[in-house]
Amino acid sequence: AKDAGRNTVVFFDQNLQARLNNRLELQRDLHRGLAQNEFELYYQPKVNAERKIVGVEGLARWHHPTRGMVSPGIFIPIAEESADILKMGEWVVRTACAQIVEWSSHPVRKYWTIAINVSVKQLRGESFVDQVIQILLETGADPKLLVLEITESMLLGDTEAAIDKMDVLRAKGVRFALDDFGTGYSSLSYLQRLPIDQLKIDQSFVQKLDSNHIHQKLTRSIISLGHSLDLQIVAEGVESEEEYEILKQQGCDLFQGYLFAKPMQRTLLRDEVDT
Ligand code: C2E
Ligand code: CA
Ligand code: CA
Ligand code: CA
């Protein structure tokens, strides 16, 4: 039994070592990959109650030379461990703004908003506001078509500083969405203070909405809470017609999920989603 115990310890140590090595390797690869343009922004449509596309969310993808596609759930936390997240964040803003400009002469897409995810380090960074304004100026992108998605947890601790930055960008026309809403702690008075335009209902509440009555009550109250604060409500992770139907009946404004389209390469995007 003693030997087995020792073996177990050895086994776990090796496992841990392998994981550490893997992480270090990815960290190095990511640094190099940023310089070598291995990243791509995929786009997932957001539709309205008429199933018409009104915008997209940009979601980063990494084409790793040997591992294939690495998901942002893996590489964003790794990027966040170093200043690489700032580089990555800047690339995302620049790519989205360039896309807004490219679509500005397209008859349908010129109206589409592009939302991008901002990370906590990026928002807290000293040059964030200047950088976004600078990129908007350089590219000539319409600031009103840019939506920055942040989460509640990013605002913890340093709420006032974050609000100040958001105010400056909103004065330029940039809009803000509160992502993953419902997973953190938000009082009504807190939410009221935030300079945001959109609430995104977290996909965990949208899942199984057709059979889960508690979730139905939650989405209903999030929608009425959000509307009472004049916020646009976006449901994410909509996968079935039933979920779409229930959310529409509850007054939800916009919808995003595999039911309409998965995140996809720019060249595969279409002007309309399938019905
Ligand atoms: P998120 O911002 O909450 O993005 C939504 C995630 O849900 C995306 O995963 C999307 O592919 C997925 N999704 C969309 N529709 C459905 C659906 O109907 N069902 C299910 N099950 N999933 C759906 P993805 O692309 O893997 O991104 C994961 C997270 O990584 C994002 O969550 C976001 O927090 C982060 N992320 C992605 N791109 C960036 C980026 O450019 N910068 C930063 N800072 N974070 C990013
Ligand atoms: Ca998001
Ligand atoms: Ca989300
Ligand atoms: Ca999320």
Side-chain angles (χ1 to χ4, degrees), residues 30 33-34 38-47 53 55-63 68-99 113-125 128 131-132 135 146-154 175-184 196-210 219 222 232-244 247 252 254-266 268-269 273-274:
L30 186 122
L34 272 170
E38 289 171 8
F39 292 83
E40 184 177 7
L41 209 53
Y42 273 40
Y43 295 99
Q44 184 178 36
K46 289 182 191 174
V47 306
I53 301 178
V56 294
E57 176 177 4
L59 293 154
R61 297 289 181 263
W62 182 12
H63 303 285
M69 182 125 91
V70 183
S71 84
I74 305 278
F75 69 76
I76 294 289
I78 290 176
E80 274 172 341
E81 283 176 4
S82 75
D84 281 338
I85 191 65
L86 299 177
K87 232 178 153 182
M88 157 128 306
E90 179 177 0
W91 170 80
V92 173
V93 176
R94 200 173 284 284
T95 305
C97 287
Q99 192 59 74
T113 57
I114 299 189
I116 51 175
N117 296 282
V118 174
S119 80
V120 60
K121 267 202 185 172
Q122 207 181 345
L123 183 68
R124 296 215 175 139
F128 176 66
Q131 185 180 83
V132 173
I135 293 172
L146 184 66
V147 182
L148 302 180
E149 297 194 355
I150 59 169
T151 60
E152 290 168 74
S153 62
M154 291 171 56
R175 287 184 266 181
F176 282 86
L178 197 59
D179 205 353
D180 303 342
F181 186 72
T183 58
I196 52 172
D197 307 275
Q198 269 186 2
L199 269 192
K200 294 190 79 177
I201 306 175
D202 190 67
Q203 41 184 289
S204 59
F205 302 114
V206 176
Q207 270 164 28
K208 312 221 171 66
L209 198 60
D210 41 338
T219 53
I222 291 172
Q232 200 173 34
I233 315 296
V234 187
E236 59 179 15
V238 180
E239 294 182 353
S240 73
E241 290 293 346
E242 289 77 13
E243 288 160 2
Y244 184 37
L247 289 159
C252 190
L254 302 179
F255 313 83
Q256 184 181 350
Y258 295 165
L259 174 63
F260 312 105
K262 292 197 167 179
M264 55 185 124
Q265 287 179 300
R266 181 181 50 91
L268 295 178
L269 265 177
V273 295
D274 293 327

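Start at 1 and go down the list; that is how both ligands and their atoms are numbered. Every heavy atom of this structure was used, including side-chain atoms; hydrogens, water molecules and symmetry mates were not.
Considering both main-chain and side-chain atoms, Glu57 comes within under 3.5 Å of ligand 1 through a nitrogen or oxygen pair. Considering backbone and side-chain atoms alike, Leu59 places every N or O at 3.5 Å or more from each N or O of ligand 1. Taking distance alone, with nitrogen or oxygen atoms compared against 3.5 Å, Asn117 approaches ligand 1 more closely than that limit. An N or O contact shorter than 3.5 Å is missing between Gln122 and ligand 1 by distance. Checked by distance only, ligand 1 and Arg61 come closer than 3.5 Å through their nitrogen or oxygen atoms.
Ligand 1 has at least one atom lying under 4.0 Å from a heavy atom of Gln44. Ligand 1 lies within reach of Gly237, whose nearest heavy atom is under 4.0 Å from it.
Nearby protein atoms of type N, O or S around the Ca ion (ligand 2) amount to 4 (distance under 3.0 Å).
Atoms of ligand 1 lying under 4.0 Å from at least one heavy atom of Gly257, given by number and element, are 15 (N), 18 (O). In the vicinity of Pro72, heavy-atom distances shorter than 4.0 Å reach the ligand 1 atoms 24 (P), 25 (O), 26 (O), 27 (O), 28 (C), 30 (O), 36 (N), 37 (C). Close approach of ligand 1 to Glu236 (heavy-atom distance below 4.0 Å) involves ligand atoms 3 (O). Of all atoms in ligand 1, listed by their number and element, those nearer than 4.0 Å to a heavy atom of Asp180 are 3 (O). Residue Glu239 approaches ligand 1 through these ligand atoms, each under 4.0 Å from one of its heavy atoms: 17 (C), 18 (O), 19 (N), 20 (C), 21 (N).
For Thr113, the side chain to side chain contact (heavy atoms under 4.5 Å, CB included) criterion is met by Leu145, Val147, Arg175, not counting sequence neighbours.
For the side-chain hydrogen bond (donor to acceptor under 3.5 Å, both in side chains) with Gln256, the qualifying choice from Gln203, Glu57, Lys46 is Glu57, the only one to do so.
Heavy-atom proximity to atom 6 (C) of ligand 1, evaluated over Met264, Glu243, Glu149, Gln203, is greatest for Gln203.
Of the heavy atoms in Val92, only side-chain atoms (C-beta onward) come closer than 4.0 Å to ligand 1. Here Asp179 has side-chain heavy atoms under 4.0 Å from ligand 1, and that is the only part of it that gets that close.
Ring geometry for Tyr42 against His63 counts as tilted: the plane angle lies between 30° and 60°, on a 0 to 90° scale.
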